[in-house]
Amino acid sequence: MRAYADLLRADFEGYFADVQAYFRCLDDERARAITEAREVSEAYGRSQRAQQ
């Protein structure tokens, strides 16, 4: 087991780094989608007010 400790550590660190990158990607996409939804909602509101 000791012979593989460095390999296992490197695998775990790589896996953890990949998971963190994946979660950052999800967070970025969530923020982008929320911004887009807000913009669409505001545009819809403006169009409704303009029709009144």
Side-chain angles (χ1 to χ4, degrees):
M1 188 68 180
R2 200 164 252 188
Y4 297 105
D6 290 339
L7 179 60
L8 292 171
R9 187 177 306 108
D11 282 350
F12 176 77
E13 289 172 358
Y15 171 78
F16 192 70
D18 289 345
V19 167
Q20 287 180 321
Y22 175 71
F23 285 140
R24 279 192 301 273
C25 179
L26 289 177
D27 287 342
D28 291 346
E29 179 58 20
R30 180 185 56 79
R32 187 207 61 77
I34 288 171
T35 298
E36 181 180 313
R38 185 180 311 115
E39 290 169 353
V40 168
S41 177
E42 289 170 357
Y44 178 76
R46 284 190 301 271
S47 71
Q48 291 299 306
R49 286 189 297 277
Q51 291 178 9
Q52 292 177 351

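Every value quoted in this text rests on a predicted model; they were computed, and no experiment measured them.
When atom types are taken as modelled, the side chain of Ser41 and the backbone of Ala37 share no donor-acceptor pair closer than 3.5 angstrom.
The two residues Arg32 and Glu29 come nearest to each other via the heavy atoms NH2-OE2, 2.6 Å.
A distance of 12.5 Å separates SG of Cys25 from CZ of Arg30, quoted to the nearest 0.5 Å.
The hydrophobic cluster containing Leu26 also contains Tyr15, counting ILVMFWY residues as joined when their side-chain heavy atoms lie under 4.5 angstrom apart, directly or transitively. Residues Phe16 and Tyr22 do not share a hydrophobic cluster, clusters being chains of Ile/Leu/Val/Met/Phe/Trp/Tyr side chains in contact below 4.5 Å.
Residues satisfying the salt bridge (charged side-chain N to carboxylate O under 4.0 Å, His left out) criterion with Arg9, sequence neighbours excluded, are Asp6. Contacts of Asp18 classified as salt bridge (charged side-chain N to carboxylate O under 4.0 Å, His left out), with partners at least two apart in sequence or in another chain: none.
Between Arg38 and Glu42 no salt bridge is recorded (no basic side-chain N to carboxylate O distance below 4.0 Å).
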